A.B. asks: 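Just passing along the structure, written as structure tokens.
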Amino acid sequence: MKKYVKNWNACDDFCTHTFGYFLYKFPEFYEKTLHWTESGNMWFRRASSVILIYSIRREKLIHEGFKTADKLLTENEDLVQKGCGWMLKEISNKRQSSVFDYVRQNKEIMKRTILRYAIEKMSPKKKMILMERK
């Protein structure tokens with residue numbers, strides 16, 4: 001990661017394929033990736049969520065995806081927000097009601113970009129409910 005990941009494309013390619021497969025096969029390493037949410041390197045912060053996509057698509061590490069999202073809800077970097085939202089959207093493909101409830105519970109503190117990506121494939125009615133702010 002430190003040596004070769006210098007942009008979003010390299011991050012996403014590495015994390016949704018090779019590194020994502022590794023985590024899928026060895027989920028005991030998840031806790032190490034959770035610490036990436038606090039890294040000073042934005043690519044590590046983005047990777048903390050994107051690396052889970054391979055497993056989430058295979059219905060593994062769903063709970064861990066929400067745990068990672070909890071750490072990134074107030075992230076300021078746009079590309080990290082988009083990675084987190086993408087991960088939540090992938091969870092939504094498998095468990096839409098769980099993501100709906102998660103977003104509803106956190107929408108007041110969640111960055112708007114994360115929210116928009118997370119709900120992208122939901123019905124217009126659900127989107128309206130979740131996009132409303134108090």
Side-chain angles (χ1 to χ4, degrees):
M1 285 283 299
K2 279 184 190 175
K3 187 171 182 179
Y4 295 106
V5 175
K6 305 287 186 222
N7 61 54
W8 68 267
N9 186 45
C11 179
D12 292 3
D13 187 47
F14 185 51
C15 289
T16 60
H17 295 95
T18 307
F19 217 177
Y21 177 77
F22 174 83
L23 192 60
Y24 173 76
K25 286 296 195 182
F26 304 102
E28 61 270 19
F29 287 97
Y30 164 73
E31 290 298 324
K32 291 190 182 289
T33 69
L34 186 61
H35 295 292
W36 294 352
T37 62
E38 300 165 6
S39 174
N41 182 323
M42 70 175 267
W43 303 120
F44 274 85
R45 294 194 313 275
R46 181 176 172 96
S48 69
S49 56
V50 175
I51 195 170
L52 296 170
I53 290 173
Y54 185 96
S55 295
I56 289 166
R57 288 178 175 165
R58 289 152 183 82
E59 299 195 46
K60 282 183 75 176
L61 300 178
I62 304 285
H63 172 74
E64 290 79 359
F66 288 116
K67 239 172 110 172
T68 298
D70 285 344
K71 299 272 194 172
L72 296 173
L73 288 180
T74 59
E75 167 68 43
N76 288 318
E77 178 58 53
D78 184 61
L79 289 172
V80 178
Q81 294 171 18
K82 289 177 179 179
C84 182
W86 176 23
M87 176 197 62
L88 288 170
K89 178 173 55 178
E90 292 295 337
I91 296 172
S92 179
N93 288 335
K94 303 296 181 185
R95 303 198 182 147
Q96 190 173 98
S97 62
S98 296
V99 173
F100 180 88
D101 293 340
Y102 181 82
V103 171
R104 185 173 50 193
Q105 179 182 355
N106 293 290
K107 70 180 185 176
E108 298 303 323
I109 61 165
M110 180 183 285
K111 293 292 184 169
R112 200 76 166 163
T113 301
I114 297 172
L115 186 148
R116 285 194 334 266
Y117 272 65
I119 67 172
E120 190 175 294
K121 293 187 177 179
M122 292 186 186
S123 71
K125 182 179 178 181
K126 287 182 177 180
K127 286 181 184 179
M128 288 286 286
I129 292 167
L130 294 173
M131 294 290 282
E132 290 176 358
R133 298 273 181 154
K134 289 182 181 177

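Note that the structure is predicted; figures quoted are calculated from it, not measured.
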A.B. asks: When rounded to the nearest 0.5 angstrom, what distance separates NZ in Lys127 from NZ in Lys121?
C.D. replies: 10.5 Å
A.B. asks: May I ask you to say whether Arg104 pairs ionically with Asp101, meaning some side-chain N is under 4.0 Å from a carboxylate O?
C.D. replies: yes
A.B. asks: For residues Tyr4 and Leu79: do they belong to one hydrophobic cluster (side chain heavy atoms under 4.5 Å, members Ile, Leu, Val, Met, Phe, Trp, Tyr)?
C.D. replies: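 In one cluster with Tyr4: Leu79, no.
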A.B. asks: Could you state the interatomic distance from CG (Asp13) to CH2 (Trp8), rounded to the nearest 0.5 Å?
C.D. replies: 10.0 Å
A.B. asks: Does any pair with a residue in residues 51-85 pass ring-ring contact (aromatic ring centres under 6.0 Å, His included), and if so which ones, sequence neighbours excluded?
C.D. replies: Tyr21-Tyr54, Tyr24-Tyr54, Phe66-Tyr102
A.B. asks: To the closest 0.5 Å, what do you measure between OG (Ser49) and CD (Gln81)?
C.D. replies: 11.0 Å
A.B. asks: In Å, rounded to the nearest 0.5 Å, how long is the span from CG of Leu23 to OG of Ser55?
C.D. replies: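 The CG atom of Leu23 sits 5.0 Å away from the OG atom of Ser55.
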A.B. asks: Does Glu77 pair with Lys111 as a salt bridge, N-O distance under 4.0 Å?
C.D. replies: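 Here Glu77 does not pair with Lys111 in a salt bridge, since their nearest N and O are not under 4.0 Å apart.
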A.B. asks: What pairs with Arg58 under salt bridge (charged side-chain N to carboxylate O under 4.0 Å, His left out), at least two apart in sequence or on another chain?
C.D. replies: none
A.B. asks: Side-chain contact, heavy-atom cut-off 4.5 Å: Tyr30 with Leu52?
C.D. replies: yes
A.B. asks: Establish whether Met128 and Val103 are linked, either directly or via other cluster members, by ILVMFWY side-chain heavy-atom contacts under 4.5 Å.
C.D. replies: no
A.B. asks: Nearest 0.5 angstrom please: Ile56 CD1 to Lys89 NZ, how far?
C.D. replies: 12.5 Å
A.B. asks: Could you tell me whether Arg46 and Asp12 have a side-chain N and a carboxylate O separated by less than 4.0 Å?
C.D. replies: yes
A.B. asks: Donor-acceptor pair, Lys107 side chain versus Met131 backbone, under 3.5 Å?
C.D. replies: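 Such a contact is absent between Lys107 side chain and Met131 backbone.
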A.B. asks: Quick check on the 6.0 Å ring-centre criterion: do Phe29 and Phe22 meet it?
C.D. replies: yes
A.B. asks: Looking only at heavy atoms, what is the nearest atom pair of Gly65 and Met87, with distance?
C.D. replies: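 It is O-CE, 3.1 Å.
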A.B. asks: Taking the side chain as everything from C-beta on, heavy atoms only, tell me whether Lys71 gets closer than 4.5 Å to Ser48.
C.D. replies: no
A.B. asks: Taking all non-hydrogen atoms of both residues into account, name the closest pair between Val99 and Ala118 and its distance.
C.D. replies: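 In this case the closest contact between Val99 and Ala118 is CG1-O, 4.2 Å.
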A.B. asks: Are any non-hydrogen side-chain atoms of Leu88 and Tyr117 less than 4.5 angstrom apart?
C.D. replies: no
A.B. asks: Heavy atoms only: give me the nearest Val80-Met42 pair and the separation to one decimal.
C.D. replies: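 Between these two residues, the closest heavy atoms are CG2-O, 3.5 Å.
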A.B. asks: According to a hydrophobic-cluster definition based on side-chain heavy atoms being under 4.5 Å apart (Ile, Leu, Val, Met, Phe, Trp, Tyr only), do Ile62 and Phe26 belong together?
C.D. replies: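 The answer is yes; both residues are in one hydrophobic cluster.
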A.B. asks: List the atom of Glu132, the atom of Glu108, and the distance in Å for their closest heavy-atom pair.
C.D. replies: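 Minimum heavy-atom contact is O-OE2, 4.4 Å.
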A.B. asks: Distance from Leu115 atom CG to Ile109 atom CD1, nearest 0.5 Å?
C.D. replies: 11.5 Å
A.B. asks: Restricting to non-hydrogen atoms, name the atom on Asn9 and the atom on Asn7 that form the minimum distance, rounded to 0.1 Å.
C.D. replies: N-OD1, 3.0 Å
A.B. asks: Are the aromatic ring centres of Trp43 and Phe19 under 6.0 angstrom apart?
C.D. replies: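 No; Phe19 has its ring centre 6.0 Å or more from that of Trp43.
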A.B. asks: Checking Lys6 side chain against Lys2 main chain: does a donor-acceptor pair fall under 3.5 Å?
C.D. replies: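 Flag set: sc Lys6 to bb Lys2 pair under 3.5 Å.
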A.B. asks: Counting N and O atoms only, with roles assigned by atom type, does the side chain of Thr68 sit under 3.5 Å from a partner on the main chain of Glu64, one being a donor and the other an acceptor?
C.D. replies: yes
A.B. asks: Evaluate Cys15 against Met1 for side chain to side chain contact (heavy atoms under 4.5 Å, CB included), listing each step before the verdict.
C.D. replies: CA-CA 9 Å; Cys15 289; Met1 285 283 299; 4.2 Å; yes
A.B. asks: Between Met122 and Ser92, which heavy-atom pair has the shortest distance, and what is it?
C.D. replies: CE-OG, 3.8 Å
A.B. asks: Between Glu31 and Leu34, is there a side-chain heavy-atom distance shorter than 4.5 Å?
C.D. replies: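 Counting from C-beta outward, Leu34 and Glu31 do come under 4.5 Å.
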